[in-house]
Amino acid sequence: MANSMVNCQLWMGSLESYMTETFILNAFRKMGENPVSVRIIRKKLTGESAGYCFVHFASDEEAMDAMHKLNSKPIPNTHPKVRFRLNNAGRTLIDREFSVWVGDLSSDVDDYNLYRIFSGQYKTIKTAKVILDVSGFSKGYGFVKFGSEEEMKHSLIYMNGFNGLGTKPLKICNAVPKPKGLFLPGIPGPSNQNDSNDFSQYYDPTTYFQNCASWQPGSVYDQSSEHQAACENSNNSERKEDDLDLIEHTIPLDIDKMNREKMDADCNLWDALESSKWLPYEMLEVA
DNA sequence: CGACGGGACGC
DNA sequence: CGACGGGACGC
């Protein structure tokens with residue numbers, strides 16, 4: 001909760017040398033945003049643009065809203081098209097983040113859609129990002145960052161299969177951190193290079209696999225009661241509707257119903273998992 | 001189905 | 001099916 005964002009600022013990259021403070025300010029205004037000020041960072045010696053700037057807003061909320069609305073969209077008046085590259089400012093690294101991978105996004109889903117859907121249901125949503133290819137088309141997946149591990153885990157269950165964003169049910173998975181640097185899996189690397197005996201760059205595959213696991217062992221117990229409670233609520237609140245009811249052709253109602261059913265199904269899955277007392281090797285009693 | 005491609009690590 | 005952003009007040 002501390003510093004979800006810093007000082008009402010966005011970092012903006014991919015600046016061309018012709019982009020002045022005024023140019024950027026105007027670009028935001030044309031897109032319907034109203035930043036307070038823009039400061040381009042310049043190289044100390046030469047005075048030329050360092051290629052990025054900080055855009056100041058009246059509030060963190062405004063800044064985050066602008067970020068999700070504009071990120072990856074074309075910047076007005078850029079002839080070879082340049083896209084907004086925005087991020088939350090602040091070198092002071094954000095506390096801790098918990099990400100989920102979101103898949104099965106239809107092509108109409110953008111950062112802002114995704115952001116609104118999640119922040120409508122979770123309090124600690126920090127950012128949402130749809131990954132685009134070089135020409136700006138969605139790759140069909142994205143990442144949502146939470147400030148709370150509990151909410152992140154909750155969304156793994158409850159937002160999986162969600163209907164109402166784009167045209168397909170959402171798929172939610174644990175986000176596995178992108179491996180840094182080299183050591184891509186499956187690429188052994190040249191073997192008769194003179195070995196420099198430097199193993200420091202290798203990461204531990206065990207760690208990697210733990211990151212990939214859908215459920216962490218401890219968390220099953222930590223969370224089970226909460227989830228059971230949630231399941232009960234969900235069951236109680238489900239209205240009895242039989243199949244003979246006329247189908248309501250207002251989409252939101254159908255979606256709500258479908259989502260309730262989906263959540264119930266997921267709760268059942270959770271219960272099954274929980275009661276199976278699935279444990280990894282490491283947890284088995286030895287002594 | 002094939003498809004080897006770019007940043008690699010400072011202070 | 002799929003896994004990311006890279007760049008940060010500076011050289």
Side-chain angles (χ1 to χ4, degrees), chain A residues 3 5-17 19 21 24 37-56 63 67-68 70-73 75 82-94 97-107 109-111 114-115 126-134 136-146 152 156 160 166 168-191 193 195-203 207-214:
Chain A
N3 49 351
M5 251 266 307
V6 201
N7 291 337
C8 312
Q9 287 187 115
L10 294 182
W11 177 92
M12 177 177 181
S14 290
L15 299 190
E16 302 288 336
S17 52
M19 298 179 179
E21 268 93 352
I24 293 166
S37 62
V38 173
R39 186 179 140 226
I40 293 180
I41 303 306
R42 308 183 168 279
K43 299 178 185 175
K44 208 154 228 167
L45 300 180
T46 66
E48 50 186 342
S49 166
Y52 65 92
C53 66
F54 290 90
V55 185
H56 205 272
M67 179 178 103
H68 287 100
L70 269 49
N71 210 3
S72 302
K73 302 258 161 52
I75 301 176
V82 180
R83 294 174 185 276
F84 281 98
R85 291 276 184 83
L86 303 171
N87 212 336
N88 32 355
R91 296 270 267 188
T92 58
L93 221 44
I94 325 133
E97 294 175 338
F98 307 91
S99 302
V100 294
W101 180 93
V102 183
D104 276 359
L105 301 178
S106 50
S107 54
V109 176
D110 64 7
D111 291 8
L114 189 60
Y115 179 67
K126 292 183 183 298
T127 61
K129 183 167 186 62
V130 175
I131 304 305
L132 309 178
D133 65 22
V134 281
F137 292 107
S138 170
K139 288 188 177 177
Y141 63 87
F143 296 89
V144 176
K145 291 186 180 176
F146 296 77
M152 185 276 275
L156 282 176
N160 195 36
K168 291 180 284 190
L170 297 187
K171 180 187 293 184
I172 314 288
C173 288
N174 247 335
V176 11
K178 191 166 80 169
K180 268 233 148 112
L182 51 172
F183 200 27
L184 298 173
I187 302 178
S191 52
Q193 206 116 1
D195 9 355
S196 52
N197 295 327
D198 182 8
F199 297 97
S200 62
Q201 53 193 251
Y202 291 9
Y203 67 86
T207 308
Y208 184 76
F209 268 108
Q210 280 180 348
N211 288 336
C212 288
S214 288

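Atoms considered below: every heavy atom in the structure, side chains included; atoms not considered: hydrogens, waters and symmetry mates. Protein chains get the first letters and strands the later ones, always in sequence-line order, with residue 1 at the start of each.
Side-chain contact between A/I131 and A/F143 is present, with heavy atoms from C-beta onward closer than 4.5 Å. Two residues are said to be in side-chain contact when any heavy atoms from C-beta on lie closer than 4.5 Å; A/K73 and A/D110 meet this criterion. Residues A/V109 and A/V102 fail the side-chain proximity criterion, which asks for heavy atoms closer than 4.5 Å. In this structure the side chain of A/I41 reaches within 4.5 angstrom of the side chain of A/R39, judged on heavy atoms. The shortest side-chain heavy-atom distance between A/N160 and A/K171 falls under the 4.5 Å cut-off. For the pair A/M19 and A/V82, the minimum side-chain heavy-atom distance is below 4.5 Å.
For B/dC4 and C/dC9, the P atoms lie 36 Å apart once the distance is rounded to whole Å. Going from the P atom of B/dG6 to that of C/dG7 covers 15 Å, rounded to whole Å. Look at the C1' atom in both C/dA8 and B/dG10: the space between them is 16 Å, to the nearest Å.
Put simply, CG on A/D133 is 13 Å from P on C/dC4, counting in whole angstrom units. Per the geometry, CE belonging to A/M19 stands 19 Å off P belonging to C/dG7, to the nearest Å. Atom pair A/N88:CG and C/dC4:C1' shows a separation of 15 Å (rounding to whole Å applied). For A/Q9 and C/dC9, the CD to C1' distance is 9 Å, given to the nearest whole Å. The interatomic distance linking A/L132 (CG) with C/dG5 (C1') rounds to 12 Å, in whole Å. Taking atom CZ on A/F98 and atom P on C/dA3, their separation rounds to 24 Å, with Å as the unit. When rounded to the nearest whole Å, the span between CG of A/L86 and C1' of C/dA8 equals 13 Å. To the nearest angstrom, P of C/dA3 lies 17 Å from NZ of A/K145.
Stacking between A/Y141 and C/dG2 is absent: the ring centroid is not both under 5.5 Å from the six-membered base ring centre and under 30° in plane angle. For the pair A/Y52 and C/dC9, the ring geometry does not qualify as stacking, because the centroid separation below 5.5 Å and plane angle under 30° are not jointly satisfied.
Counting only heavy atoms from C-beta on, A/K168 has its side chain closest to C/dC1 among C/dC1, C/dA8, C/dC4.
The base of C/dG5 has none of its N or O atoms less than 3.5 Å from a complementary donor or acceptor on the side chain of A/R85. At a cut-off of 3.5 angstrom, counting only N and O atoms as typed in the model, there is a donor on one side and an acceptor on the other between the side-chain of A/D104 and the base of C/dG2. Checked by distance alone, A/R42 brings no side-chain donor or acceptor within 3.5 Å of a matching partner on the base of C/dC9.
The backbone N or O of A/V130 lies less than 3.5 Å from a partner atom in the side chain of A/D111, making a donor-acceptor pair. In this structure, the side chain of A/N71 engages the main chain of A/L86 through a donor-acceptor pair within 3.5 Å.
Across all strands shown, A/S14 has heavy atoms under 4.0 Å from base atoms, whether or not it also approaches the sugar-phosphate. Within the 4.0 angstrom heavy-atom criterion, no nucleotide atom of any strand lies near A/G51. Nucleic acid contact for A/C173: base, since at least one base atom lies under 4.0 Å from a heavy atom of the residue. Contacts of A/L45 with the nucleic acid, taken as non-hydrogen atoms under 4.0 Å apart, involve only primed sugar atoms and P, OP1 or OP2.
Classified by its glycosidic torsion, C/dG5 falls in the syn category, the angle being within 90° of 0. The glycosidic torsion of C/dC4 lies more than 90° away from 0, which places this base in the anti conformation. In B/dA8 the base sits syn relative to the sugar, since the glycosidic angle is no further than 90° from 0.
Of the two residues contacting DNA chain C, namely A/K171 and A/N71, the nearest-nucleotide position lying further toward the 5' end is that of A/K171.
Looking at residues two or more places apart in sequence or on another chain, you find a ring-ring contact (aromatic ring centres under 6.0 Å, His included) between A/H68 and A/Y115.
Residue A/K43 places none of its side-chain N or O atoms closer than 4.0 Å to OP1 or OP2 of C/dC9.
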Nucleotide pairing, DNA chain C (Watson-Crick or G-U, distances under 3.5 Å), in dot-bracket with [ ] and |: .........||
